[in-house]
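Throughout, protein chains are lettered first and strands after them, A, B, ... in sequence-line order, and every chain is numbered starting at 1.
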Amino acid sequence: MTDLTKLTLTEARDGLRAKAFSATELAEAHIAAVESARLLNAYVLETPEIALKQAAVSDARLAKGEGGALEGLPLGIKDLYCTAGTRTTACSNILGNFVPTYESTVTSQLWRDGAVMLGKLNNDEFAMGSSNETSCFGNVINPWRREGSNMGVGSAGVEGTYLVPGGSSGGSSSAVAANLCLAATATDTGGSIRQPAAFTGTVGIKPTYGRCSRWGIVAFASSLDQAGPIGKSVRDCAVMLRSMSGHDPKDTTSVDIAVPDYEQAIGRSVKGMKIGIPKEYRIDGMPAEIEKLWQDGINWLKAAGAEIVNISLPHTKYALPAYYIVAPAEASSNLARYDGVRYGLREQGRDIADMYEKTRAAGFGREVKRRIMIGTYVLSAGYYDAYYLRAQKVRTLIKKDFEDVFAAGVHAILTPATPSAAFGIGEKGSADPVEMYLNDIFTVTVNMAGLPGIAVPAGLDGQGLPLGLQLIGRPFDEETLFALSEVIEQAAGRFPIPSRWWA
Amino acid sequence: MSVDAATVRRVAHLARIALPEGDVAKMQAEINAMLGFVEQLNEVNVDGVEPMTSVMPMAMKKRADVVNDGEIAAQIVKNAPQSEDDYFMVPKVVE
């Protein structure tokens, strides 16, 4: 039999319906792949017994010709999603052995539709990071290697300089790229779905703010956080997003509008669509191969009948600094709940304030502490107007930039997804945190404006590493993004990893 | 703007994070790098601009004012580091 883990999600779905293999066989193949890939550190918790139980139920349903949209399909779940009875940590020591008694709305919809859970995936602590180097469970390894890399498997594990899988959804991107699940859930606050997807040759979509319920997902910055999938193909992401989306009375920011059948948008004509190319994204020092990738994307969309127009989004350069006020401010407020009283870690103190301070000092990692402190500072008396209020005004202007180009008839905007390909572990941000933050320069504007954005792989750089393009859409028009990114996928092809060097 | 060591200690206390004296200088340098980075927002003319309060404008839905959950005390305290008779236990707060 062919290697079932190499199938895309929708190929596996069709295979199950055609009874070419069973859900149990599909789950077993993935469980074995996960076990043999522990060196990558993509999973922080494996749940093979849950997967096999769910697969057996799916087989019974499929035998009767029943089953949901994701029946019998094995997925990985980012450890930010609360899963009832299964440890959920946000990859922070402060949550310790937290075992939720409830299920996040998004994952409950995946199980409703028949999906199978392989386990919980690594991420940056509380989703704060762009390289998955801040997780309390350690770094995740990108399954891609540079050409001529010194990397390999030795007696002590992975040796040589390995690459980061992006972040914060680094476990999700690594697992999907390495065929350790058919697709994964992820979350995106400043680029945490799209940047890791671009670093691993996978597809990732952050839908419009409000499309997916945030209920039961560990909060980072509530006005920016959105759930979304990472998958092996555009079609796979369309199927995943349909199950993940929808109104939830438990999240007042979730929007009560109908969820389209996104898969129907795959293959839809893009003829006559106006695609904006923002001049502000042509930054100084952009590598020539990213310039070329962007031009390839323009050519492919043009060949498919789209009209290319030059646009301006004048406040683009202010999105990242405004983000680094708004996001830490919201984080400092959201993370106030980790106080050692109701759940998670507790360190003893001489009084309650001392207990809080010791608990939070021991439980939070360095990146999280820094962001909480910046957030506390910008919200503190005397600085609120100068920092937080000003940043929220700038955010209004960033959103208006997009509204103006959409009002002028632009259907979607094409940009590079990241300013570079995946970098090596420890290469960025050790001296100055801003160096790491610049990774999100092309993605963060989308969160600030609440818009949908998709990253789709479009080529390889000179070192043989995948690069991605980003498409940004009008609010709640994810369908156009699927139609356009399918054109890119058809032209560029998919980017499966060249070898399973770790197994 | 930049912060001095005393401000770093004060903010750490406001955030309820114990910061050992040996970590103050490094945290101060990192926070100042961030504050230096966001300085460029002062270039933007924000006169007459409303601060964003909701990224997707919509009317908030209101639930019916009825009890729809409860009687799950055991679940609520299940993950508590210390609990007794469905109460969270903390160090003495009032002398």
Please look at [X] and chain A and tell me whether the side chain, the backbone, both or neither of the residue comes under 4.5 angstrom of a heavy atom of that chain.
{"X": "B:V90", "answer": "both"}
{"X": "B:T7", "answer": "side chain"}
{"X": "B:V3", "answer": "side chain"}
{"X": "B:M27", "answer": "both"}
{"X": "B:F88", "answer": "side chain"}
{"X": "B:N45", "answer": "backbone"}
{"X": "B:K62", "answer": "neither"}

| So with a 6.0 Å cut-off around CD of B:E71, is the heavy-atom count from everything else above 12? | no
| field | Check: A:E347 side chain, A:T359 main-chain N or O, donor-acceptor pair, under 3.5 Å | value | no
| message | Please check this pair: side chain of A:T253 against backbone of A:G210, looking for a donor-acceptor N/O pair closer than 3.5 Å. | response | no
Which one of [options] has the most heavy-atom pairs closer than 4.5 Å to chain B?
{"options": "A:K369, A:K358, A:E357", "value": "A:E357"}
{"options": "A:M355, A:R390, A:K400, A:M448", "value": "A:R390"}
{"options": "A:R346, A:R350, A:K399", "value": "A:R346"}
{"options": "A:H315, A:Q348, A:R371, A:R342", "value": "A:R342"}
{"options": "A:V341, A:D432, A:D354, A:L397", "value": "A:V341"}
{"options": "A:Y102, A:Y209, A:Y388, A:F476", "value": "A:Y209"}

| query | Name the one of A:T88, A:L95, A:T86, A:V218 that satisfies side chain to side chain contact (heavy atoms under 4.5 Å, CB included) with A:P100? | reply | A:T88
| request: For a side chain to side chain contact (heavy atoms under 4.5 Å, CB included) with A:F126, tell me which candidate from A:L335, A:N334, A:I372, A:T189 qualifies. | output: A:L335
Mind checking whether [X] and [Y] have side chains closer than 4.5 Å, heavy atoms only?
{"X": "A:T134", "Y": "A:V368", "value": "no"}
{"X": "B:S2", "Y": "B:L35", "value": "no"}
{"X": "A:V444", "Y": "A:Y324", "value": "no"}
{"X": "A:I374", "Y": "A:R370", "value": "yes"}

| request: Look up atom OH in A:Y356 and atom OH in A:Y338, then write down how far apart they are to the nearest 0.5 Å. | output: 15.5 Å
| message | I need the B:K78 NZ to A:F98 CZ distance, nearest 0.5 Å. | response | 8.5 Å
| task | Show the numbers, then the answer: is there a side chain to side chain donor-acceptor pair (under 3.5 Å) between A:S92 and A:E125? | result | CA-CA 5 Å; A:S92 177; A:E125 184 180 3; 2.7 Å; yes
Counting only non-hydrogen atoms closer than 4.5 Å, does [X] touch chain B with its backbone (N, CA, C, O), its side chain (CB onward), both, or neither?
{"X": "A:N97", "answer": "backbone"}
{"X": "A:A449", "answer": "backbone"}
{"X": "A:S223", "answer": "backbone"}
{"X": "A:Y323", "answer": "neither"}
{"X": "A:M373", "answer": "both"}
{"X": "A:Y437", "answer": "side chain"}

Partner chain A: residue of [options] with the largest heavy-atom pair count (under 4.5 Å):
{"options": "B:E50, B:K92, B:E39, B:M56", "answer": "B:M56"}
{"options": "B:M60, B:Q40, B:M58", "answer": "B:Q40"}
{"options": "B:L41, B:I72, B:V8, B:L19", "answer": "B:L41"}

| request: Take A:Q226 and A:R214, measure what side-chain contact (heavy atoms from CB on, under 4.5 Å) needs, and give me the verdict at the end. | output: CA-CA 7 Å; A:Q226 257 302 286; A:R214 292 181 296 105; 4.1 Å; yes
